[in-house]
Each structure stands twice: as C-alpha cells, then as structure tokens.
Number of protein chains: 2
Amino acid sequence: MGKKTRTAERRQESLSRERIIKASIEILDGDGEEGLTFRALSDRLATGPGAIYWHIDSKSELLTAACDAIVAHAVDAPVLGMPPEDAICALSLSLFDAIDAHPWVGAALTHAPGQMPVVRILERIGQQVRALHVTDGEEWQAVCALLNYIVGVSRQNAANAQFTRARGLCRSTFLESLAITWSQLDRKDYPFTCDIADQLPDHDDRADFLAGIKLFLSGLRSSN
Amino acid sequence: MGKKTRTAERRQESLSRERIIKASIEILDGDGEEGLTFRALSDRLATGPGAIYWHIDSKSELLTAACDAIVAHAVDAPVLGMPPEDAICALSLSLFDAIDAHPWVGAALTHAPGQMPVVRILERIGQQVRALHVTDGEEWQAVCALLNYIVGVSRQNAANAQFTRARGLCRSTFLESLAITWSQLDRKDYPFTCDIADQLPDHDDRADFLAGIKLFLSGLRSSN
DNA sequence: ACCTGAACACCGTTCAAGT
DNA sequence: ACCTGAACACCGTTCAAGT
C-alpha cells in the first residue's frame, strides 16, 4: 500500500505524441476540461509532468490536437451523393453531436481560430455551399455564417450541459427551475421571457440547432 | 520606494459590490480575462483578497455580474419605432460591438446560461421576433437561433482578436500569414480553403456577422 | 534523445484573528 | 458587520540532473 504501489504498473511503451493525445482525450471525456492537468496526465502515463513537454509545446497545443482528432472524425460523415442542402444538415448535425459528446471540443475550437480543426469544418461546409451556386460575393459570407453558427451554437449547447452537470443537476430539473425563475420576472420589463418560459423545459436543443441551419439555407435560397 | 508606498493611497470609501464590479471591469478591459485575479483586484481596491468574498460569492459570479453591466447597456440601443427587422439588426450590431470592445463578455455569456445577461438579450430579440408575427411553432426556434448566433459569433470574433493580440500580432499580419498557410494546403484535400484563402485578409467580421443575421431574417420571411 | 521530479511563480478560496 | 492576510491545495511550466 502507499504511493509506490503504482510503480509496478510502470509503462511498457515509450511516450509519444499520439499516446499523450489519446490519454488526454480519455481524461477530457471522463473528467471534463478541468480534469486535464499535466499532473493527472503524467500520472495516467506513468511519468513525470516534465516528460510531456518533450513531445508537446503547451497545454493549449495539446487541447487543439485533441480537438482535431475528434473533429477529423466527425467531419468524415458520409455525404456523398446527397443534395448539398442535405449534406450541410448532415455535417452540421454530425459536428453538433460530436461536440455534445465531447463538450471540451467546443472550447478548444474557439481558441484555435484558423487552425486545422476549424479548417476541416470550413472545407467540408465550403464545398457544399459552393455546390449550391450562390453568387461569388455571397459565398464567403454564407460559409462564414454557417461555420460560425455551427461552432458557436454547438459550443453553447455543450457549455449548458457542463453548467448543469457541474452543479450536480440533471437537465430537466435545471430547466424547470429556470422556467420558474423566468416566469416570475416582472411582466412589465420581461413580457416575452415570461411568455415563453413554459416552452423552456421541453425544448430540443438539437432540433433548434437544425432549425437554425434550415433558416440559413432557406435564406440563401430566397436571396438567389 | 518599496511595497509600503501604496499604503498611503489606502481607500477612502468602504468596499461594496458595485465598487468591486466596477474595478473588475476596468481590469478586464485593460488586461483581459487572465488579468483579473483576486490579488490584482484587491490590490486595486487597496484591500486583501479575502475581503472581496464578503461581497461576492465566487469569481464566476463576479464575471457574470460584470458581464451583465455591459450587456444591460448594449441592449439599451434605441430601436423604438423601427421596423422589427431593422431593430433586430440594430440590437445584434450593438451586442457585437459591445463584445468586440469587451472581449471577456463573450466568455462570460457562455458560462451563464439562462442567467440575467442572457435573459436581457432574449427579451429584446424576442419582442422583435414576436412583432414579425411568425407562426407560434416557429417563434421559439427563430429566437433561439438568433440568440445563439449573436452570442456565438460575437464570442468567436472576440476570441479571434484576443488570440492575435496574445501573440503580439496585429490583425492584418495574422490574417495574411494565415492566408498563406491556407493557400499552401494540399489542393486535393482542401480545394475550397485554398480557393478562398485570398479573401481572408480583407474580410470584414462585422459585415459578415450582419450578413448572417440578414440570411436568418430572409429565411424567416420566406418560410412564412 | 528522452525522461525525472523538485522547484518556481502563480491561482481561487478559506479562515482565524482582528476592528 | 466588515476586513485582514497568512495558509491551503492546487495550477502550467522550467530545468538541472539523470539514463
């Protein structure tokens, strides 16, 4: 018993960038963003915190690399042969689901503007928007809007889930208590919020997300 | 000279929630998110770190309160008498500009789902969408999409600015070097990104943001 | 070349002790 | 009631020393 017990399970394979990223993803998925520390990571890899710096530059580079692994997979959703609008919906949902399953990916994407994980999304969405044949002037803005919407909303959805989980609440009890708070606001100042408070507990984030994508697409269609 | 010099400027007024929030905003605006520590804050208020906890529960509550002060002001943009679509654009831009000027507000909004600052935005946008007379079933999703888009995109824009500033770069040199990186990607795998790389340095984030809002609005119009 | 782990310069938060 | 500031339990990162 004691701190030496685990020396027995000293690692067999040597350290590598890939093994570090794999272990990071496991920690991030299991314990969330604040669970990933260089100490926890080096414990799991049976090494010292300093060893990791031989393979990785910084924590933020590590997060971006872990994020890229998830995004690369999510963006591989099969869209071949689909009409571009369906492909955009499928890609968007695939990313939404990936960020929902790995909430830390949302934050990592925000902190890596223009880096590889974002470029993967840009490319896939861009190809489909191009197939939509919008005017040259509109293409950039359409892709930007979609990209930003997808990342922004998925990230917000993931943050919401983390927020309730961090407080030890389940989604429905949190939304119900929030609905009560909203409905008790002063009707003079918050008529709309009071009104829709009762729609809060039963809404479907994924469906709302998709509805936004479809609004975009029908906006694009009508301006052509 | 020495650490005792500043004892002379010991505070006159007693501590209060308002003074703490005001000082926090000054630090956040001046030194960014990582500049706000309880030590820096208590230095500026000429007190000890523990004193702040008499008035504020935690750092995250402090951030939410500071955020609310900025949002309350931004959401006060005059929209009386405007057609609802114009009002939505005006409110959206006012929020975009506020988050651009106070980048830390974006992060704070993400971490306070359903709290006061978010409700302020929800209410103002909701009132205008209601004036648009979309169908009952569509209203919630339209407001959600707009709210999420506004917060998500403004936040991403602010994060981009912080990213370049943290590296001591100016916006245009960063975008130009990013454009070069993009244009050097393998054309086989990244045809779209290679293609639009040259549009990156000269694009206007604020205009792109507004274009997205207008796509939403025209989507809403066409589905009515 | 790669790893070790103590040490450095920080954090947010708590709490006994003061006024 | 309100404030003080040392102390606690952490961080990411560095670096001399080892193999």
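Numbers restart at 1 for each chain; the letters A, B, ... are given by sequence-line order, proteins then strands.
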- Kindly say if A:W54 contacts the phosphate of C:dC2, meaning a side-chain N or O under 4.0 Å from OP1 or OP2.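 For C:dC2, OP1/OP2 do have a side-chain N/O of A:W54 under 4.0 Å.
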- Message: With a 4.0 Å limit, can you tell me whether A:H55 has a side-chain N or O closer than that to the phosphate oxygens OP1/OP2 of C:dC3?
- Response: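 It does, given that an N or O in the side chain of A:H55 lies less than 4.0 Å from OP1 or OP2 of C:dC3.
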Can you tell me how far [atom2] of [N] sits from [atom1] of [X], to the nearest Å?
X     : N      : atom1 : atom2 : result
B:L63 : C:dG12 : CG    : C1'   : 12 Å
B:K59 : C:dG12 : NZ    : P     : 4 Å
A:E34 : D:dG12 : CD    : P     : 11 Å
B:L41 : D:dG5  : CG    : P     : 15 Å
B:R19 : D:dC3  : CZ    : C1'   : 13 Å
B:I20 : C:dG12 : CD1   : P     : 14 Å

- Nucleotide paired to C:dA9 in any strand shown, Watson-Crick or G-U, under 3.5 Å: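 Here C:dA9 is not engaged in any pair, so there is no nucleotide opposite it.
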- For C:dT19, which nucleotide in any strand shown is its Watson-Crick or wobble partner with both distances under 3.5 Å?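 By the stated definition (distances under 3.5 Å), D:dA1 pairs with C:dT19.
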- Toward the 5' end of DNA chain D, which comes first, A:R39 or A:A51, by nearest nucleotide?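 Going by which nucleotide is closer to the 5' end, it is A:R39.
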- Message: Could you check whether A:E61 pairs with A:R17 (Lys NZ or Arg NE/NH1/NH2 to Asp/Glu carboxylate O, under 4.0 Å)?
- Response: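 Yes, this pair counts.
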- Message: What I want to find out is whether B:R130 reaches A:D195 closely enough, with some N-O distance under 4.0 Å, to be called a salt bridge.
- Response: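 Between A:D195 and B:R130 there is a salt bridge, with a charged N closer than 4.0 Å to a carboxylate O.
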- Interatomic spacing from SG in B:C144 to CD1 in B:I125 - rounded to 0.5 Å: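 So the SG of B:C144 and the CD1 of B:I125 are separated by 12.0 Å.
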- Straight-line distance of A:L36 CG to A:W104 CH2, nearest 0.5 Å: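 One gets 9.0 Å once the value is rounded to the nearest 0.5 Å.
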- Query: Contact class for B:I56 vs. all strands (heavy atom < 4.0 Å): base, sugar-phosphate, or nothing?
  - Reply: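 Nothing, no heavy atom under 4.0 Å.
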- Item | Sugar-phosphate, base or nothing in reach of B:I52, heavy atoms under 4.0 Å |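 Result for B:I52 = nothing.
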- Item | A:F38, nearest nucleotide to its side chain (from D:dC11, D:dC3, D:dT13) |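 So the nucleotide nearest the side chain must be D:dT13.
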